[in-house]
Amino acid sequence: MILELDCGNSFIKWRVIHAADCTINGGGIVDSDQALVAAVAGLSSLSLTGCRMVSVRSEEETSSLCALIQASFGVEVNVAQPVQEMAGVRNGYDDYQRLGMDRWLGALGAYHLAGRACLVIDFGTAAKADFVAANGEHLGGYICPGMPLMRSQLRTHTRRIRYDDASAERALSSLAPGRSTVEAVERGCVLMLQGFARTQIEQARAMWGEDFTVFLTGGDAPLVQEAAPKARIVPDLVFVGLAMACPLN
Ligand SMILES: Nc1ncnc2c1ncn2[C@@H]1O[C@H](COP(=O)(O)OP(=O)(O)OP(=O)(O)O)[C@@H](O)[C@H]1O
Ligand SMILES: CC(C)(CO)[C@@H](O)C(=O)NCCC(=O)O
Ligand SMILES: [K+]
């Protein structure tokens with residue numbers, strides 16, 4: 001069994017797969033290193049043979065999580081590293097080491113699945129878009145605040161925007177103009193994300209006509225689905241790229 005970890009800025013996504021047939025034994029989303037160890041240790045008949053990880057956290061946070069995994073489960077952690085080229089995809093950054101590894105692995109996974117030009121849009125703590133041309137050239141992308149950041153900026157920098165998580169969730173039953181603060185903010189931010197997606201798709205169309213595949217991923221992808229009706233929602237896209245970057249036997 002292999003432990004796969006995607007360490008984002010706010011959450012760690014994890015899953016345990018069977019190496020032989022790639023079936024999934026368990027998985028989830030946690031918000032701390034300790035919660036991760038507890039969740040993985042809670043799997044019945046766990047016998048890990050390896051671990052692969054992608055992290056957009058600092059070197060210190062990443063190595064301390066690696067040490068914790070090694071101490072808790074007795075496996076080495078294989079951390080995906082930046083490269084200029086892999087699996088037919090060429091990193092498009094001036095300095096390839098600066099491209100976020102979650103974005104790079106998403107691009108690798110998408111190009112592998114689509115086998116043609118693709119646009120990857122990832123709605124996590126940050127929203128990001130990446131373009132990969134039909135010949136595998138990564139053309140670069142965009143980074144914006146995602147839903148959690150937009151929301152918390154408004155809450156932090158205004159005096160009269162205050163509401164709880166339960167009313168936030170209820171507010172998203174429709175996108176009609178808001179008739180309360182929570183509706184106005186939550187729906188407004190979703191429309192920003194949808195506008196981001198539409199603009200990226202327009203740009204892809206201007207370059208590639210109809211010959212491209214759109215992938216949506218990240219925790220808030222479902223909020224944007226209606227703005228991108230032809231998109232493939234692939235919640236584990238980063239894990240597809242991670243398996244390519246860190247093959248384990
Ligand atoms: N089951 C879930 N657990 C946690 N967050 C969820 C869940 N479902 C949806 N979300 C939403 O997904 C968003 C976080 O997305 P994601 O987990 O992809 O972020 P991240 O990986 O930490 O961020 P980034 O990739 O930008 O570093 C939050 O807005 C959160 O509300
Ligand atoms: C943009 C984030 C924060 C999204 O998780 C991550 O991909 C990252 O830290 N990237 C480094 C900066 C860049 O990609 O240009
Ligand atoms: K992520």
Side-chain angles (χ1 to χ4, degrees), residues 2 4-9 13-15 17 19 22 50-57 59 62 77-144 146 196-221 224 228 230-249:
I2 295 173
E4 299 186 318
L5 300 173
D6 172 6
C7 303
N9 283 289
K13 278 133 282 176
W14 67 273
R15 65 184 200 182
I17 63 165
C22 288
C51 175
R52 54 186 162 224
M53 175 193 295
V54 53
S55 173
V56 295
R57 299 184 175 185
E59 295 290 347
T62 304
V77 183
N78 190 342
V79 182
Q81 300 297 331
V83 290
Q84 207 130 37
E85 183 164 355
M86 179 174 282
V89 183
R90 272 175 315 288
N91 191 312
Y93 258 28
D94 297 333
D95 176 354
Y96 71 93
Q97 301 190 36
R98 296 281 168 189
L99 174 66
M101 284 303 293
D102 52 348
R103 297 174 55 197
W104 170 244
L105 296 184
L108 278 187
Y111 188 71
H112 173 74
L113 294 177
R116 64 173 186 162
C118 41
L119 164 61
V120 183
I121 321 181
D122 183 339
F123 294 100
T125 306
K128 47 266 182 205
D130 280 281
F131 295 81
V132 183
N135 65 2
E137 201 175 327
H138 170 244
L139 305 179
Y142 300 91
I143 304 169
C144 290
F196 179 78
R198 287 198 181 93
T199 305
Q200 307 307 331
I201 292 169
E202 260 170 42
Q203 197 158 202
R205 204 169 270 144
M207 285 189 287
W208 301 321
E210 296 301 322
D211 297 332
F212 65 97
T213 303
V214 182
F215 290 89
L216 292 186
T217 190
D220 287 319
V224 182
K230 290 187 188 153
R232 287 172 67 173
I233 298 215
V234 183
D236 61 358
L237 189 63
V238 170
F239 284 137
V240 175
L242 180 60
M244 297 164 69
C246 302
L248 298 169
N249 306 314

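We count residues from 1, following the sequence as given.
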- [ ] Take Trp14 and Phe239 through the side chain to side chain contact (heavy atoms under 4.5 Å, CB included) test and state the conclusion after the steps.
- [x] CA-CA 9 Å; Trp14 67 273; Phe239 284 137; 5.7 Å; no

If you define the side chain from C-beta out and look only at heavy atoms, does anything of [X] sit under 4.5 Å from [Y]?
| X | Y | value |
| --- | --- | --- |
| Tyr96 | Arg90 | no |
| Val214 | Ile201 | yes |
| Ile121 | Phe196 | yes |

Task: Donor + acceptor pair across side chains of Arg232, Thr213 (<3.5 Å) - done: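 Thr213 and Arg232 do not have a side-chain donor-acceptor pair below 3.5 Å.
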
TODO: Indicate whether the side chain of Glu137 and that of Tyr111 have a donor and an acceptor atom separated by less than 3.5 Å.
DONE: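 The answer is no; no qualifying pair exists.
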
Test item: [X] side-chain N/O and [Y] main-chain N/O as donor-acceptor pair under 3.5 Å:
| X | Y | result |
| --- | --- | --- |
| Lys230 | Ala228 | no |
| Thr217 | Asp122 | no |
| Arg57 | Gly8 | yes |
| Arg52 | Glu4 | no |

Closest non-hydrogen atom pair between [X] and [Y], with its separation:
| X | Y | result |
| --- | --- | --- |
| Met244 | Ala87 | CE-CB, 3.4 Å |
| Gly106 | Val120 | O-CG2, 3.9 Å |
| Pro82 | Gln97 | CB-CA, 3.9 Å |
| Ala245 | Ala80 | CB-CB, 4.4 Å |
| Trp208 | Val132 | CH2-O, 3.5 Å |
| Cys51 | Leu5 | SG-CD1, 3.9 Å |

Open item on the list: Would you call the rings of Tyr93 and His138 parallel, tilted or perpendicular, taking 30° and 60° as the class edges?
Closed with: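 Answer is tilted, since the angle falls between 30° and 60°.
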
Task: From CA spacing to verdict: side chain to side chain contact (heavy atoms under 4.5 Å, CB included), Ile143, Arg103 - done: CA-CA 10 Å; Ile143 304 169; Arg103 297 174 55 197; 3.5 Å; yes

TODO: Any chance you could lay out the side chain to side chain contact (heavy atoms under 4.5 Å, CB included) test for Met53 and Cys7, step after step, and finish with the verdict?
DONE: CA-CA 7 Å; Met53 175 193 295; Cys7 303; 4.1 Å; yes

TODO: Salt-bridge test for Lys13 and Asp236: reply yes if a basic N is under 4.0 Å from a carboxylate O, no otherwise.
DONE: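 Between Asp236 and Lys13 there is no salt bridge, as every charged N stays at least 4.0 Å from the carboxylate O atoms.
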
Going from [atom1] on [X] to [atom2] on [Y], what distance comes out if it is rounded to the nearest 0.5 angstrom?
| X | Y | atom1 | atom2 | result |
| --- | --- | --- | --- | --- |
| Met86 | Gln81 | CE | CD | 10.5 Å |
| Leu216 | Leu237 | CG | CG | 10.0 Å |
| Asp211 | Arg205 | CG | CZ | 11.5 Å |
| Cys246 | Leu105 | SG | CG | 7.5 Å |
| Tyr142 | Thr199 | OH | OG1 | 9.5 Å |

Task: Result of checking Asp102, Asp6, Thr62 against Ser55 for side-chain hydrogen bond (donor to acceptor under 3.5 Å, both in side chains) - done: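 Exactly one option meets the side-chain hydrogen bond (donor to acceptor under 3.5 Å, both in side chains) with Ser55, and it is Thr62.
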
Task: Positive for side chain to side chain contact (heavy atoms under 4.5 Å, CB included) with Trp104, one of Val238, Val54, Asp130, Asn91 - done: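 Going through Val238, Val54, Asp130, Asn91 one by one, the side chain to side chain contact (heavy atoms under 4.5 Å, CB included) with Trp104 is satisfied by Asn91 alone.
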
TODO: List the steps and the verdict of side chain to side chain contact (heavy atoms under 4.5 Å, CB included) for Val224 and Phe123.
DONE: CA-CA 9 Å; Val224 182; Phe123 294 100; 3.7 Å; yes

- [ ] Answer yes or no: are there more than 12 heavy-atom neighbours, outside Asn135 itself, under 6.0 Å from its atom CG?
- [x]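 Yes - once you tally the heavy atoms of other residues, nucleotides and ligands closer than 6.0 Å, there are more than 12.
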
